[in-house]
Each structure stands twice: as C-alpha cells, then as structure tokens.
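Data block below; observations after.
So you know, we letter chains A, B, ... as the sequences are listed, proteins then strands, and number each from 1.
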There are 2 protein chains.
Amino acid sequence: MIVQTHIAALQALLGEKGVLTRPEDMAAYQTGARYDEGRAALVLRPGTTEEVSAAVSYCVRNGIAIVPQSGNTGLVSASTPDMSGSQVIISIDRLRQRFDLDHANRSLHLDAGLRLSAVNSRLENEGLFFPVDLGADPALGGMLATNTGGSRFLKYGDVRRNVLGLKVVLADEDGTILDLTSGLRKNNTGVDWKQIFIGTSGAFGIITECVLNLERTPRQTATAFLVPASGEHVMPLLQVMEERLGAYLSAFEGMSQNAVAAALDHVPSLRNPFQCGAVPDYVILCEISRTWAPREGEQSLDEVLETVLTDIFERDDALLADAFIGPPHEMWALRHALSEGVKHAGRLIAFDLSFLRGDIMRFCGYMKEALPQQFASVRICDFGHIGDGGVHFNLAVPRDSAHLADPAFETGLREWVFKVAVEDFNGSFSAEHGIGRKNQAFYDLYTPDKLKQLAAGLKTTLAPGAIGAVTFG
Amino acid sequence: MIVQTHIAALQALLGEKGVLTRPEDMAAYQTGARYDEGRAALVLRPGTTEEVSAAVSYCVRNGIAIVPQSGNTGLVSASTPDMSGSQVIISIDRLRQRFDLDHANRSLHLDAGLRLSAVNSRLENEGLFFPVDLGADPALGGMLATNTGGSRFLKYGDVRRNVLGLKVVLADEDGTILDLTSGLRKNNTGVDWKQIFIGTSGAFGIITECVLNLERTPRQTATAFLVPASGEHVMPLLQVMEERLGAYLSAFEGMSQNAVAAALDHVPSLRNPFQCGAVPDYVILCEISRTWAPREGEQSLDEVLETVLTDIFERDDALLADAFIGPPHEMWALRHALSEGVKHAGRLIAFDLSFLRGDIMRFCGYMKEALPQQFASVRICDFGHIGDGGVHFNLAVPRDSAHLADPAFETGLREWVFKVAVEDFNGSFSAEHGIGRKNQAFYDLYTPDKLKQLAAGLKTTLAPGAIGAVTFG
C-alpha cells in the first residue's frame, strides 16, 4: 500500500538496512509477544537519533502513521501495527551503542534500544543494577514508554522513579529532538517534560536515549513463603513486615492457590514446597535483601527473617497460618513459573489491575463469590504485587467450555470485570501494562472527558503527527 | 486599583472572611519569608476547593492576575505579588479540614493548606511520617508546587516521588477542578497529569488537596561527623558508605568550614564538637536509620556505624581524615543552624544549585580558586545535600565591603555564578527552590526556545488565565 517513492526516499535517509520491505523480514515486528498480529506497510530501523528524527519527520510530512516499537514484549498491542497495512513501524532495535556509566552519580546514560537483560549483565561487575525487575525482557525505550513496575516496586519503585533523563524525537514535521538527558537528580526549572513521555506508549514521540538511576546490587537475600491465616490477614501482615523489616523488604508477592497449583502441575522443574503437597489458599513470597557483604557480629538475613517471623507467630494474634524460609532461587522459580502455569489452566483472559493496597484482597474475595455466579466455568488464577496494589487477575476459560471461542463471552467478561474493578472498587484497569489498542475502549470509557480534551490539546502542542497505537484525546 | 464591584462580587462568592482588603490584614500575605515584598490588590481566602474554583473562574473571566499562595515560605518570590498592586493573591490557608489517613495504603489524603509540621505532628502516634524533611515549614500545596527536596532526599526522594495524587483548580474560565486523587501506587492509564502541577509554582492552577505517600518513622538513628581527607575524597567516601550501609543511609550532608564556623560563631546554643575547636575544611553529617525497634542479638546502629567507619579507616586508602559518632540531636542542631549562621557572615547572596554528584566538589573546588579573582571580598559559605547533587552555594558580602549595597555588583556576581554552574559544569540554577520572579531572568536565559514554546502551548491548553509569578512560555 505504500508507494515506491516513499520507500526510495526512506532508503535515502536511513540506508538499505534501515528499511525492511520483505514480508519475511517484517514478520517478527508485526507479531506481538503474546497476543496480537498486524500488518505493516514498512519497518524502519534507524541507526541513530538523527535518523529517527529524519524518519519521523518524513512520515509526519507525508501523513504516514507511525507505530514506535522497542523490544516488542508488551501485552496490550501498543507496539504492533493494526491490520490496515498502512502503518509504518519505527523500531529502535539498532540504537544500542551508547552505554555511559557514571559511578559517582550512580547513573547510566544509554541508547534506548538496549534490552534490560543486556544492561544488567553489562553492569554485573560494577555492583550496580537497574532495579525495575520484570518477567519479560523489554528494551529500555519501551520500558520508559510503558512505565513498567515489576516485582520489586515495593522497594525500588517504578520506571518513572528511576529515570533521570531521556532523549525523545517528537512526532512533528521537524522530528524535533528534545534532549532531556542532564541526569541531574534535583532540577526544578519548570515543567519536567520527561514525565510526559513516561507511560504514554509513544503517543508523543520516540524515546531514543535514557539516563537511568542505578541501585547497588544486593549481596545478601533471604526469602520465605508466608501463608496468611486468611485473605483478610494479608494487609495487616504486610504492615507488620514493613514496620519490622523496613527498607530490607524488597518483595511481597501474592499467589493464589489456583495459580500456584497450575504452575506446579505444568512446569516440571518445580518442586512442591508445601507440607504433604497441599497448596494453601493464598501464599506470599516475601524477600528481604541488603547491599553489603556479611559482616562479623551481624545476624544473617535468614536469622533476621527467622526472628521476625517467630515474633509474629508469638505476638500478633494469628496473622500467619504457616511460614517457612527457603532458598531464594527455588522460591522465585515458583513465582516466575506462574505466568507459564496459568496458560495451561485454560484459555487465558488476563487483567492487569491495581487498587489501594487495602482493597486488593477485598476485590479478590468479592470476585471469588461473584464471578462464578456470572461466568460459571471460569477459574480465577490471580497473583500480584500486593505491596504496591497491583494484581494480575488472570481468568482461565477451561478448554472444554462451550464459551472457549465465543468472542461475546470474552467481551462480556472483560466489561464486567473492569466495571467491578474501576466503578465498584475505584481501581485502575491498567496497573503497569499500559493502554495499547487492547485497552483503548476502556480508556475511552473510563477517562473523564476533560482529561481527554486536555490530552488532545497536549498532543496538538507536542506531537501533531499520527503516532502510536493509542489515542488519548 | 481594583474596582469595588469586583470586591462585592468576590465577597458574594467567598463570604466576608474570604476577602481581605485592609492593608494591615494583607501585610503578611504580601511579604515573603526572607526576601521580597509586593503589593496586592486583594487577598482571597477561599474555604473549599469549590470556592477556589469560583474565585479563579471570576478572576480569569475578568482578566485579573492571580498569585497562588500556600505557606509563603519560599525563597524565590513565587508566592508574593509584584509591586503593581493589581494582582490578587489566592491563599489556600483556610483549606485545612481534610485529613484522611489510610494505614493499609500507607497514604494520607489531606487539604493542601495544612503545614508540614502539623501533618507530621498529627501522624506522630501512627508510626508514620511524610519523609520530605525541610528547614522551613511550608504548607503541602506549596511543597507540591515547588517539588521540594530536603535533607533526606538520598533515602526518600523529593516531593514528586512521594505524591500519589492531587486535586487542582485550573486557571481557566470555568475554574475547572481536576480530581487526580485516586491514591493508587500503580496506575498507567495515559498521561500522568499530576506531574504537570508538581514543581511548576502554580503556573497552571492551584493545588487544593493532595494524597501523600507516608513512610514508617525511624525508631533507631545514628549520626557521625566525617572529615574527608580532601574535597576529592567526598564522592568516593559516599560511594563506600552507600555500598556498606545501603538503605540505612538517610543523610549525607556536606558543610564547608566557613558555614560551620559562621554557625558556631553566631548561634550561642551550639557546642563546638571538633578537636581543640578547629573546624575542618569540610565536614559531612552522615545519618543512618531504620524503622524497627532494637532487637535482641542485633547490633545497635551506633555499633554498625562504628564497624563501617573503622573498616574504612583500615582498608580504604586514606578516605577519611577523622570521624566521630555523636548524639543525633546535637549533630543536626549544627546542620540546621547553618542557614542562620551564614546570615551573620555578611549580606547573603544565595544560590540553590545542583550538579551530577561527581561534579559538586569539583565545582566547589573551582569556585574557591576562581571566585576571589573575580569578586575579591566575597566569602563562600556553602553547604548542601551531597548525596543528591544539591548545594546551597551561599556567598557573603562582608558588612564593610564597598559593594555591600551595590546592585550592579550583585547582578554581576549572580550572572557569573550561574554561568559557571550552568554553562561550564552542566548544573541547574534551581535545584529545589523553584523559579519564581527571582529566577525568571535565568529561566529565560537558560531554557531552550523549543521548551519555552512547548510550555506556552501547554499553558494555553491547560490554563489560559493569568496565574503565578513565573512565565514558562
């Protein structure tokens, strides 16, 4: 659908290897990590920020719609084209040269096409890491554009908290480059523009460089599985742990019985760690960690955790039904296998919700009662980041269900769950995955008109070109 | 200068006590905490968000310029009117009713007119506090609008990091109320609008409510004065402390000899803590803290600090010339007395600068050489938040200097210091105090045209009314 003159012009700007036109070369860029598939007119792979700027400028001037793409690991169809075949993907996967570590500032200035795993592996010998910890392996530009959270949010926060700067190409006729990479930790000189590009899925431009805050790598870690006396005891338990372990506490991850059982059933490498193999109703993976090496005269973290848990058993009226400390590697292996496990529990309909912390278990408890009444066969396999209010509310439609391939059933289910989460429990329909084409309808439904109107104004000011899979205005 | 019909109309909207017209009632609102004095047409004191909205709407529709005012403790003339007598102050000091603590979410939803000290004193028995720690006692609305940092930024971050939500009245014809108070810790559903109002001095609207992240109050603290072997050793010392004390580290405050000496000379309640009373070239106040009560079998924090410092003395080639642990109260008293002390060292010309962490001591070292060559009589009395790159670069013009009351001298000095800081050392001319009328000229000078143009567009979209002491566009 794209005319040959555009291809030639873009090749002149980006070189031969900067423009992919053959279906077999474009395939990986058109297909999402888990869910979706689209059709692109072209895939552009600029090699520098200036080439990104040239490509964006050309597309905007010629009315060509752009889909920015980073690691393409997202789950909401934000980085893949629609089926029209008219959109152009601009991938940042060739932006991987810059890697400037500043030890004194504890920061890293890098090209946004580098992947999280590559960044952390290059930092391994420096005693530093980028602390936003995910199951997936995104590139940094997409992490910023999505504002990912992850399993250690409780201690380190989200991407927004850990970004000191970025460089972005605006979707305007000039492909304007905004250089916001000062890397200063304190800088109050007007609008903090970088905030606009964090978490907005590339709707205003393409992030090509970032300056990250790094943290010291923990050198001691201890983990335990905690079995709360009931769902109602989860939050009081977290509060006690926060009080007695303070900044040691680096994860407090909730796992439902169904999710754990699905992982144990379907991931053969896992060992069932529970007494007589009986998976409890709800389990928490609790991690504590600290940055220094063991010191003489100091308790180990296992001892610290043991002391605190014993104390809770003795003093806090029945918060805990059971608790046991175990090897971090094994405990995290179970946690990380949940995503894989729940896929086998049936056809998965996934929700990435968040609530005030006090409302998560209330929501989950309500759903256990209410969902079967509305959608009888569906199994709830939730797990989540209890410490920050996030829950991956996964619903599995059994393979033998009459509704397995019924789109109306899925639509009805989605609408109902979002309604309960947003309207009845004041939660968010996107905790950390973002909007994307997948959640556009819910953005439209649940965003106040005034905010849409302001977003449209911001878009006109900043980036009038057609870019991104989402329309905020 | 304001016509009587406006006064009557505003009284109808806000009631008698919502409108101050007598000079003696307006005086405190027209005078800044330290530096400036202006003249207002009127002072409005709405009692609710709805009244703020009515007042803003009235002013915008009638072309009346608004100066929003919170605690009026700022240092950059952002909350006081100019001398024209035509601006109307809208104070939020009557917005002090709401105080909704959410223990499980560790958050507090409150009216923005409450002062920091009042908030923390009401939280005292809850074991929680708002961790942005300042010398001044601002109201929360102004803290958000300024994005203050403070002495424990290193551990807890700035206001931006600790705000979960806010409510703001936009400066448009409707006085639109944006309710962004969900309080969710994770919520990626488009533009994070609250970021626009944090750190922008009320240029877009008036913050009337906020939702704050709270932290657990430390129950153990230890402090030490560290004397680095030289200025060059300060950053390596910080890096070692970060590695060995991790999240315990809650302050790392640098104090120059001149600043310390001025405080000891002029604040009688202080005891000189240094051997034979000789103040070192540079001293660091290091604080570590943790949230839990002392536990059996666990070293005290004094012991932890002692171990780490002894280890540094023994192993790290001469980072430290001296170090001693002392009572937190006494050590902080000296730190907090610096502001008062330096006022007595001469007429103060203050700068609130920030740098990449590795550049602070380099800047200070350069200035020690270069400043006397340009401005012979001026004394440097700097101190600052080394851990986050901030430095309060205070210059004292001796009382007997020929330049004491010479405005051209001060202007020249300001321009030169900012030039060195921003152009030669890539620093910021406002770390945490904000822009205000005081720094408007430097904002105009050092902000790229494109960012000014975007700010003007944002202003038109969001808040076309005349509001605030700063023009970002």
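Shortest non-hydrogen contact noted between N105(A) and L356(B) is ND2-CD2, 3.4 Å.
Looking only at distances, no side-chain donor or acceptor of R185(A) sits under 3.5 Å from a matching main-chain atom of R357(B).
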Let me see the working for E243(A) and R219(B) under side-chain contact (heavy atoms from CB on, under 4.5 Å), right down to the final yes or no.
-> CA-CA 10 Å; E243(A) 184 190 326; R219(B) 297 178 71 176; 3.4 Å; yes
Does the side-chain contact (heavy atoms from CB on, under 4.5 Å) test come out yes or no for T307(A) and E296(B), once each step is laid out?
-> CA-CA 9 Å; T307(A) 307; E296(B) 213 178 315; over 6 Å; no
Go through E303(B) and E298(A) one step at a time and tell me if the side-chain contact (heavy atoms from CB on, under 4.5 Å) criterion holds.
-> CA-CA 10 Å; E303(B) 286 166 334; E298(A) 194 177 55; over 6 Å; no
Kindly determine whether L454(B) and V191(A) satisfy side-chain contact (heavy atoms from CB on, under 4.5 Å), including the steps that lead there.
-> CA-CA 10 Å; L454(B) 293 179; V191(A) 178; over 6 Å; no
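Residue contact with chain A, scored on non-hydrogen atoms closer than 4.5 Å, involves the side chain of R161(B) exclusively. Heavy atoms of I196(B) lying under 4.5 Å from chain A belong exclusively to its side chain. Only the side chain of L180(B) comes within contact range of chain A, with heavy atoms under 4.5 Å apart. Only the side chain of H385(B) has a heavy atom closer than 4.5 Å to any heavy atom of chain A. Contact of L170(A) with chain B is made through the side chain alone, with heavy-atom distances under 4.5 Å. Residue I198(B): no heavy atom, backbone or side chain, is found under 4.5 Å from chain A. Within the 4.5 angstrom heavy-atom criterion, no atom of F197(A) approaches chain B. Heavy atoms of S182(A) lying under 4.5 Å from chain B belong exclusively to its backbone. In this structure, chain A has no heavy atom under 4.5 Å from any part of V470(B). Neither the backbone nor the side chain of D174(B) comes within contact range of chain A; no heavy atom of the residue lies under 4.5 Å from a heavy atom of that chain. Neither the backbone nor the side chain of D359(A) comes within contact range of chain B; no heavy atoms are under 4.5 Å apart.
Ion pairing of D388(B) with K186(A) is present here, as a side-chain N (NZ or NE/NH1/NH2) and a carboxylate O approach within less than 4.0 Å.
Taking CZ from F429(A) and CG from N188(B), the interatomic distance works out to 10.0 Å, rounded to the nearest 0.5 Å. If you take CZ on R216(B) and CG on L249(A), they are separated by 10.5 Å, rounding to the nearest 0.5 Å.
Annotation: residues 442-449 of chain B contacts chain A through Y443(B) [non-hydrogen atoms, separation under 4.5 Å].
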